[in-house]
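Single-structure report; data block below.
When a ligand or atom number is given, it counts from 1 through the structure's own listing order. Remember, it's a predicted structure, so these values are computed and weren't measured experimentally.
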Amino acid sequence: MVSDNMSVAPIGIFGGTFDPVHYGHLRLAEEMLELAHLRQIRFIPTGTPPHRAAPQVSAQHRSAMVQLAITDQPAFMLDDREVNRITPCYTVDTLRELRADLGEAQPLCLLMGGDAFLQLHTWYEWEQLFELAHIVVGYRPGFTLDESIHTATAELQRHYQLRRCTADDLSGQSAGGIAELAIPKLEISATDIRRRVAENRTIRYLLPNAVANYIHQHHLYKHANY
Ligand code: ATP
(Lines give C-alpha, C1' and ligand atoms only; values in the text may rest on other atoms or scores of the structure.)
Protein backbone atom coordinates (compact mmCIF):
# COMPACT_ATOMS: atom_id res chain seq x y z
CA MET A 1 0.00 0.00 0.00
CA VAL A 2 1.08 3.58 -0.64
CA SER A 3 1.05 5.35 2.72
CA ASP A 4 1.30 9.08 3.26
CA ASN A 5 0.36 9.15 6.97
CA MET A 6 -2.15 11.90 6.27
CA SER A 7 -5.89 11.51 6.34
CA VAL A 8 -7.51 12.74 3.14
CA ALA A 9 -11.14 11.94 2.35
CA PRO A 10 -11.19 9.51 -0.59
CA ILE A 11 -12.72 10.08 -4.02
CA GLY A 12 -14.88 7.25 -5.38
CA ILE A 13 -14.60 6.14 -8.99
CA PHE A 14 -17.78 4.57 -10.35
CA GLY A 15 -17.52 3.24 -13.88
CA GLY A 16 -20.35 1.66 -15.82
CA THR A 17 -22.14 1.62 -19.11
CA PHE A 18 -25.04 3.54 -17.53
CA ASP A 19 -27.21 2.48 -20.46
CA PRO A 20 -29.25 4.09 -18.89
CA VAL A 21 -28.30 5.20 -15.36
CA HIS A 22 -30.97 4.19 -12.82
CA TYR A 23 -31.79 4.22 -9.12
CA GLY A 24 -29.81 0.98 -8.54
CA HIS A 25 -26.63 2.87 -9.53
CA LEU A 26 -27.61 6.02 -7.66
CA ARG A 27 -28.48 4.24 -4.40
CA LEU A 28 -25.25 2.20 -4.54
CA ALA A 29 -23.26 5.42 -4.99
CA GLU A 30 -25.17 7.24 -2.25
CA GLU A 31 -24.63 4.38 0.24
CA MET A 32 -20.93 4.15 -0.63
CA LEU A 33 -20.53 7.93 -0.28
CA GLU A 34 -21.81 7.68 3.27
CA LEU A 35 -20.32 4.39 4.43
CA ALA A 36 -16.83 4.88 2.93
CA HIS A 37 -16.74 8.58 3.95
CA LEU A 38 -16.04 9.66 0.37
CA ARG A 39 -15.83 13.34 -0.48
CA GLN A 40 -16.88 12.86 -4.08
CA ILE A 41 -17.94 10.15 -6.50
CA ARG A 42 -17.00 10.43 -10.15
CA PHE A 43 -19.39 8.67 -12.49
CA ILE A 44 -17.38 7.56 -15.51
CA PRO A 45 -19.54 6.27 -18.37
CA THR A 46 -17.51 3.85 -20.42
CA GLY A 47 -16.86 4.56 -24.08
CA THR A 48 -15.98 1.22 -25.68
CA PRO A 49 -16.18 -1.34 -22.87
CA PRO A 50 -13.74 -4.25 -23.31
CA HIS A 51 -15.82 -6.65 -21.17
CA ARG A 52 -19.20 -6.61 -22.80
CA ALA A 53 -21.24 -5.89 -25.91
CA ALA A 54 -21.36 -2.30 -27.15
CA PRO A 55 -23.92 -0.17 -25.29
CA GLN A 56 -27.16 0.52 -27.12
CA VAL A 57 -26.93 4.28 -27.21
CA SER A 58 -24.01 6.62 -27.78
CA ALA A 59 -21.64 7.58 -25.02
CA GLN A 60 -22.84 11.18 -25.43
CA HIS A 61 -26.45 10.19 -24.63
CA ARG A 62 -25.34 8.01 -21.70
CA SER A 63 -23.26 10.88 -20.29
CA ALA A 64 -26.10 13.35 -20.71
CA MET A 65 -28.40 11.01 -18.76
CA VAL A 66 -25.84 10.65 -15.94
CA GLN A 67 -25.54 14.44 -15.78
CA LEU A 68 -29.31 14.80 -15.46
CA ALA A 69 -29.47 12.07 -12.80
CA ILE A 70 -26.87 13.56 -10.47
CA THR A 71 -27.67 17.28 -10.51
CA ASP A 72 -29.25 17.18 -7.02
CA GLN A 73 -26.23 15.62 -5.33
CA PRO A 74 -23.25 18.02 -5.20
CA ALA A 75 -20.89 15.20 -4.21
CA PHE A 76 -21.58 13.37 -7.49
CA MET A 77 -19.72 14.42 -10.61
CA LEU A 78 -19.80 13.30 -14.23
CA ASP A 79 -16.34 12.52 -15.53
CA ASP A 80 -16.61 11.94 -19.28
CA ARG A 81 -12.96 11.22 -19.97
CA GLU A 82 -13.75 7.79 -21.50
CA VAL A 83 -16.53 9.04 -23.73
CA ASN A 84 -14.45 10.31 -26.62
CA ARG A 85 -11.91 7.49 -26.66
CA ILE A 86 -12.21 5.28 -29.69
CA THR A 87 -9.93 2.55 -28.35
CA PRO A 88 -11.17 0.06 -25.70
CA CYS A 89 -11.35 1.72 -22.28
CA TYR A 90 -9.40 -0.17 -19.65
CA THR A 91 -9.99 0.83 -16.05
CA VAL A 92 -6.28 0.68 -15.30
CA ASP A 93 -5.60 3.42 -17.90
CA THR A 94 -8.40 5.61 -16.57
CA LEU A 95 -7.02 5.22 -13.02
CA ARG A 96 -3.53 6.16 -14.23
CA GLU A 97 -4.96 9.35 -15.71
CA LEU A 98 -6.90 10.13 -12.55
CA ARG A 99 -3.84 9.49 -10.40
CA ALA A 100 -1.83 11.90 -12.58
CA ASP A 101 -4.61 14.53 -12.34
CA LEU A 102 -5.32 14.21 -8.62
CA GLY A 103 -1.84 13.53 -7.22
CA GLU A 104 -0.18 10.68 -5.34
CA ALA A 105 -1.64 11.53 -1.94
CA GLN A 106 -5.32 11.48 -2.89
CA PRO A 107 -7.00 8.23 -1.83
CA LEU A 108 -8.99 6.80 -4.75
CA CYS A 109 -11.63 4.11 -4.33
CA LEU A 110 -12.76 2.02 -7.25
CA LEU A 111 -16.38 1.10 -6.51
CA MET A 112 -17.88 -2.20 -7.63
CA GLY A 113 -20.30 -4.96 -6.74
CA GLY A 114 -19.26 -8.33 -5.30
CA ASP A 115 -19.93 -10.12 -8.61
CA ALA A 116 -17.56 -7.79 -10.46
CA PHE A 117 -14.91 -8.20 -7.77
CA LEU A 118 -14.89 -11.99 -8.09
CA GLN A 119 -14.12 -11.56 -11.81
CA LEU A 120 -11.39 -8.98 -11.25
CA HIS A 121 -8.65 -11.34 -12.45
CA THR A 122 -10.11 -11.09 -15.99
CA TRP A 123 -9.51 -7.31 -16.13
CA TYR A 124 -6.58 -5.96 -18.14
CA GLU A 125 -3.51 -5.51 -15.87
CA TRP A 126 -5.73 -6.16 -12.86
CA GLU A 127 -2.93 -6.40 -10.28
CA GLN A 128 -1.89 -2.85 -11.19
CA LEU A 129 -5.28 -1.63 -9.99
CA PHE A 130 -4.12 -2.08 -6.37
CA GLU A 131 -1.18 0.27 -6.97
CA LEU A 132 -3.56 2.97 -8.15
CA ALA A 133 -6.66 2.72 -5.98
CA HIS A 134 -8.43 0.99 -3.14
CA ILE A 135 -11.25 -1.30 -4.13
CA VAL A 136 -14.56 -0.89 -2.33
CA VAL A 137 -16.91 -3.79 -2.82
CA GLY A 138 -20.62 -3.60 -2.15
CA TYR A 139 -22.26 -6.90 -1.24
CA ARG A 140 -25.80 -7.88 -0.44
CA PRO A 141 -26.34 -7.94 3.31
CA GLY A 142 -26.13 -11.56 4.41
CA PHE A 143 -23.83 -12.59 1.53
CA THR A 144 -20.34 -11.56 2.60
CA LEU A 145 -17.40 -11.70 0.26
CA ASP A 146 -15.64 -13.89 2.80
CA GLU A 147 -18.12 -16.69 2.00
CA SER A 148 -17.73 -16.46 -1.78
CA ILE A 149 -14.05 -15.61 -2.14
CA HIS A 150 -13.18 -19.31 -2.47
CA THR A 151 -14.74 -19.18 -5.97
CA ALA A 152 -12.10 -16.63 -7.06
CA THR A 153 -8.66 -17.51 -8.46
CA ALA A 154 -5.85 -18.23 -5.99
CA GLU A 155 -4.13 -14.96 -6.94
CA LEU A 156 -7.22 -12.89 -6.26
CA GLN A 157 -7.78 -14.73 -2.96
CA ARG A 158 -4.20 -13.89 -1.98
CA HIS A 159 -4.71 -10.16 -2.64
CA TYR A 160 -8.00 -10.26 -0.77
CA GLN A 161 -6.49 -11.81 2.35
CA LEU A 162 -3.51 -9.43 2.24
CA ARG A 163 -5.40 -6.23 1.57
CA ARG A 164 -8.65 -6.46 3.54
CA CYS A 165 -9.34 -3.30 5.51
CA THR A 166 -12.23 -1.32 6.94
CA ALA A 167 -13.85 1.76 5.43
CA ASP A 168 -12.14 3.83 8.13
CA ASP A 169 -8.69 2.75 6.87
CA LEU A 170 -9.25 4.11 3.36
CA SER A 171 -8.41 7.73 4.10
CA GLY A 172 -4.99 6.94 5.61
CA GLN A 173 -3.55 5.40 2.42
CA SER A 174 -3.93 6.44 -1.18
CA ALA A 175 -4.37 2.94 -2.64
CA GLY A 176 -4.05 -0.78 -2.05
CA GLY A 177 -6.85 -1.73 0.34
CA ILE A 178 -9.96 -3.83 -0.20
CA ALA A 179 -12.96 -2.75 1.87
CA GLU A 180 -16.36 -4.40 1.89
CA LEU A 181 -19.66 -2.69 2.55
CA ALA A 182 -23.08 -4.28 3.08
CA ILE A 183 -25.40 -2.48 0.69
CA PRO A 184 -28.91 -3.65 -0.20
CA LYS A 185 -29.19 -4.07 -3.96
CA LEU A 186 -32.31 -2.67 -5.61
CA GLU A 187 -33.83 -5.04 -8.14
CA ILE A 188 -33.37 -2.61 -11.01
CA SER A 189 -31.31 -3.25 -14.11
CA ALA A 190 -30.59 -1.24 -17.25
CA THR A 191 -31.45 -4.32 -19.32
CA ASP A 192 -34.94 -4.41 -17.83
CA ILE A 193 -35.40 -0.67 -18.43
CA ARG A 194 -34.36 -1.02 -22.09
CA ARG A 195 -36.78 -3.92 -22.54
CA ARG A 196 -39.62 -1.96 -20.98
CA VAL A 197 -39.04 1.04 -23.26
CA ALA A 198 -38.98 -1.19 -26.35
CA GLU A 199 -42.26 -2.77 -25.19
CA ASN A 200 -43.86 0.62 -24.44
CA ARG A 201 -44.14 -0.22 -20.75
CA THR A 202 -43.68 2.15 -17.84
CA ILE A 203 -40.23 2.97 -16.44
CA ARG A 204 -41.45 5.49 -13.87
CA TYR A 205 -39.82 5.18 -10.41
CA LEU A 206 -37.00 2.99 -11.74
CA LEU A 207 -34.89 6.03 -12.61
CA PRO A 208 -35.08 9.81 -12.19
CA ASN A 209 -37.90 11.53 -14.11
CA ALA A 210 -35.42 13.73 -15.92
CA VAL A 211 -33.71 10.62 -17.33
CA ALA A 212 -37.04 9.00 -18.31
CA ASN A 213 -38.03 12.24 -20.10
CA TYR A 214 -34.67 12.33 -21.91
CA ILE A 215 -35.17 8.74 -23.10
CA HIS A 216 -38.62 9.57 -24.46
CA GLN A 217 -37.58 12.89 -26.03
CA HIS A 218 -34.64 11.31 -27.86
CA HIS A 219 -36.53 8.11 -28.78
CA LEU A 220 -33.88 5.92 -27.16
CA TYR A 221 -34.22 2.14 -26.67
CA LYS A 222 -37.19 1.95 -29.05
CA HIS A 223 -35.96 -1.17 -30.80
CA ALA A 224 -36.00 -4.63 -29.28
CA ASN A 225 -32.29 -5.15 -28.79
CA TYR A 226 -31.84 -5.43 -25.04
P1 ATP B 1 -27.05 -3.94 -17.73
O2 ATP B 1 -28.43 -4.36 -17.28
O3 ATP B 1 -27.04 -3.27 -19.08
O4 ATP B 1 -26.03 -5.05 -17.59
P5 ATP B 1 -26.53 -2.53 -15.23
O6 ATP B 1 -27.83 -1.98 -14.76
O7 ATP B 1 -26.00 -3.74 -14.53
O8 ATP B 1 -26.57 -2.75 -16.79
P9 ATP B 1 -23.95 -1.13 -15.48
O10 ATP B 1 -23.86 0.24 -16.03
O11 ATP B 1 -23.37 -2.22 -16.26
O12 ATP B 1 -25.52 -1.32 -15.15
O13 ATP B 1 -23.42 -1.19 -14.00
C14 ATP B 1 -22.47 -0.33 -13.45
C15 ATP B 1 -22.23 -0.77 -12.02
O16 ATP B 1 -23.43 -0.64 -11.26
C17 ATP B 1 -21.79 -2.23 -11.87
O18 ATP B 1 -20.75 -2.26 -10.90
C19 ATP B 1 -23.02 -2.93 -11.34
O20 ATP B 1 -22.69 -4.01 -10.48
C21 ATP B 1 -23.70 -1.83 -10.54
N22 ATP B 1 -25.15 -1.99 -10.50
C23 ATP B 1 -25.98 -2.15 -11.54
N24 ATP B 1 -27.26 -2.28 -11.13
C25 ATP B 1 -27.24 -2.20 -9.78
C26 ATP B 1 -28.25 -2.27 -8.75
N27 ATP B 1 -29.54 -2.47 -9.03
N28 ATP B 1 -27.85 -2.13 -7.46
C29 ATP B 1 -26.53 -1.97 -7.17
N30 ATP B 1 -25.55 -1.89 -8.09
C31 ATP B 1 -25.88 -2.01 -9.37
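Looking at Leu28 against ligand 1, only its side chain comes within 4.0 Å, counting heavy atoms. Of the heavy atoms in Arg194, only side-chain atoms (C-beta onward) come closer than 4.0 Å to ligand 1.
Listed by number with element, the atoms of ligand 1 under 4.0 angstrom from any heavy atom of Phe18 are 10 (O). Taking every non-hydrogen atom of Ser189 and a distance limit under 4.0 Å, the qualifying atoms of ligand 1 come out as 2 (O), 6 (O). Heavy-atom contacts of Thr191 reach the following atoms of ligand 1: 1 (P), 2 (O), 3 (O), 4 (O) (cutoff under 4.0 Å). Taking every heavy atom of Ile188 and a limit of under 4.0 angstrom, the matching atoms of ligand 1 come to 24 (N), 26 (C), 27 (N).
Residue-to-ligand polar distances place Leu186 within reach of ligand 1: an N/O pair is separated by less than 3.5 Å. For a threshold of 3.5 Å applied to N or O pairs, the pair formed by Asp19 and ligand 1 contains no separation below that value. Ligand 1 has no nitrogen or oxygen under 3.5 angstrom from a nitrogen or oxygen of Gly15. Considering backbone and side-chain atoms alike, Gly16 places every N or O at 3.5 Å or more from each N or O of ligand 1. No N or O atom of Phe14 sits closer than 3.5 Å to an N or O atom of ligand 1.
A salt bridge links Glu180 with Arg164: the closest approach of a Lys/Arg side-chain nitrogen to an acidic carboxylate oxygen falls below 4.0 angstrom.
For atom 13 (O) of ligand 1, the choice among His22, His25, Arg62 with the nearest heavy atom turns out to be His25. Among Arg195, Met32, Glu31, Lys185, the residue whose heavy atom lies nearest to atom 26 (C) of ligand 1 is Lys185.
Ligand 1 does not have Glu187 within reach: every non-hydrogen atom of the residue lies 4.0 Å or more from it. At least one heavy atom of Thr17 sits closer than 4.0 Å to an atom of ligand 1.
Looking only at atom types and distance, the side chain of Gln106 has no donor-acceptor partner in the side chain of Ser174 under 3.5 Å away.
Between Leu170 and Ala36, the shortest heavy-atom contact is CD1-CB, 4.1 Å.
Aromatic ring orientation, Phe43 versus Phe18: tilted (interplanar angle from 30° to 60°). Between Tyr90 and Tyr124, the angle of the ring planes lies from 30° to 60°, which puts this pair in the tilted group.
No side-chain heavy atom of His22 sits less than 4.5 Å from a side-chain heavy atom of Val211.
For His61, the side chain to side chain donor-acceptor pair (under 3.5 Å) criterion is met by Tyr214, not counting sequence neighbours.
Both tests hold for Arg163 against Phe130: distance to the six-membered ring centre under 6.0 Å, angle to the ring axis within 45°.
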Inset, instruction - Evaluate the criterion salt bridge (charged side-chain N to carboxylate O under 4.0 Å, His left out) for residue pair Glu199 and Arg196; output intermediate values, then yes/no. - result: CA-CA 5 Å; Glu199 292 172 354; Arg196 283 170 172 272; over 6 Å; no
Dump the intermediate steps for side chain to side chain donor-acceptor pair (under 3.5 Å) on Asp192 and Ser189, then the final yes or no.
-> CA-CA 5 Å; Asp192 177 56; Ser189 78; 5.3 Å; no
